[in-house]
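Chain identifiers are assigned alphabetically (A, B, ...) following the order of the sequence lines, protein sequences preceding nucleic acid strands; residue numbering begins at 1 within each chain. The structure presented is a predicted model; accordingly, all values stated were derived computationally and were not measured.
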2 protein chains.
Amino acid sequence: MDDVDKKILVRLQQDGRITNLELSRLIHLSPAATLERVRKLEQTGIIRGYMAKLDPDALQLGLLVFVQVTLDRTSPGIFDDFSKAIKSIPQISECHMVAGGFDYLIKARVRDMNAYRNFLGKTLTRLPGIRQTHTYTVMEEVKSNNELPL
Amino acid sequence: MDDVDKKILVRLQQDGRITNLELSRLIHLSPAATLERVRKLEQTGIIRGYMAKLDPDALQLGLLVFVQVTLDRTSPGIFDDFSKAIKSIPQISECHMVAGGFDYLIKARVRDMNAYRNFLGKTLTRLPGIRQTHTYTVMEEVKSNNELPL
DNA sequence: GAGGTTACTGAATTTAATTCGTTCATCATA
DNA sequence: TATGATGAACGAATTAAATTCAGTAACCTC
């Protein structure tokens with residue numbers, strides 16, 4: 001991981017579909033050498049993959065919510081059960097176990113408030129071990145690049 | 001936006017660098033027609049772009065934190081000032097204005113707890129209009145695909 | 001049912017990715 | 001200081017993919 005690799009990562013983070021040819025020009029290296037570096041970054045797992053960034057509004061997913069979840073600390077398997085259950089719920093794009101006043105922070109996208117009420121009642125509150133939830137609806141996405149600072 | 005477009009979006013979300021040829025095979029369409037659809041999705045903004053997904057740990061950004069921010073509601077320009085200031089801070093990957101007990105929810109990545117303490121003191125608490133912050137450090141990323149449910 | 005629009009196909013062409021033989025620099029070791 | 005191994009780079013040749021385009025079918029609209 002030298003400076004050249006870093007330049008590659010910066011570019012690929014900004015444009016995951018840049019051609020190898022253009023990338024090689026930007027970092028002042030031959031196409032063959034550039035490709036070799038990119039492949040190595042992929043194989044070592046530094047580059048985990050590539051994805052298209054889609055517009056949530058265009059796809060009828062205009063409402064973004066964060067949900068704080070507190071679990072029942074009764075049985076020892078509660079956290080595992082909850083984690084497993086989370087993974088198969090498509091609306092949930094992120095779920096983090098956090099230290100602090102609650103247990104999990106969930107990021108989810110739904111069509112509108114109506115859809116969320118339904119999602120909360122039919123899906124979230126029926127998850128194993130849930131004691132309490134707290135919802136914060138997003139009014140404005142001030143920043144949302146999902147890029148790492150390199 | 002028909003079912004074929006939807007299939008395209010599903011595939012491109014999973015693998016933003018799939019070749020047009022393979023994509024066309026997966027959706028049972030000719031390469032030319034497939035390309036035309038992808039271009040249209042890009043032009044209409046449904047596809048906003050493409051990005052490489054990088055491994056935070058490999059890049060020395062092992063600590064993920066969420067910060068709840070409450071602003072001083074004194075002057076009317078406070079929210080704009082804050083929003084503008086946020087955008088240039090590389091550690092902040094997301095910032096959302098939320099309805100509820102606080103004003104903004106920030107997602108940030110730093111090297112470790114030491115780096116976070118520094119970030120909080122030197123950067124966050126010096127932003128315009130901040131009254132209070134509340135930090136939640138992530139212990140485990142249970143789910144993190146950043147994909148939209150299609 | 002004529003005219004216009006849209007989306008598709010398949011072939012031809014352009015462009016990019018990939019492979020490979022070679023060179024150069026670095027570095028540890030005899 | 002030679003020697004040989006290693007890693008990274010280049011450039012040319014090859015393979016594969018993207019792109020363009022002419023022609024056709026389906027579908028509206030009037």
Original post:
For the rings on A:Phe66 and B:His96, is their centre-to-centre separation under 6.0 Å?
Top reply: yes
**OP:** Taking the six-membered ring for Trp and the single ring otherwise, decide whether the centroids of B:Tyr50 and A:Tyr50 are under 6.0 Å apart.
**Re:** no
**OP:** For B:Ser93 and A:Asn145, work out which heavy atoms get closest and say how close.
**Re:** O-OD1, 2.9 Å
Subject >> Residues B:Thr135 and B:Tyr116: side-chain donor-acceptor under 3.5 angstrom >> reply: yes
**OP:** Would you mind building the protein contact string for nucleotides 15-22 of chain C? One character per nucleotide, 5' to 3', B for base within reach (heavy atoms under 4.0 Å), S for sugar-phosphate only, - for untouched.
**Re:** -SSSB---
Restricting both atoms to N or O, compile the protein contacts to nucleotides 5-9 of chain D shorter than 3.5 Å, with distance only.
residue, atom, partner, partner atom, Å
D:dA8, OP2, A:Lys40, NZ, 3.0
D:dA9, OP1, A:Arg37, NE, 3.1
D:dA9, OP1, A:Arg37, NH2, 2.6
D:dA9, OP2, A:Arg37, NE, 3.2

**OP:** State whether the number of non-hydrogen atoms from other residues, nucleotides or ligands found under 6.0 Å of A:Arg17 atom CZ is greater than 12.
**Re:** yes
**OP:** Indicate yes or no: does A:Arg109 engage A:Asp57 in a salt bridge with an N to O separation below 4.0 Å.
**Re:** no
**OP:** Run the salt-bridge test on B:Arg73 and B:Asp103 with the 4.0 Å N-O cut-off and return the result as yes or no.
**Re:** yes
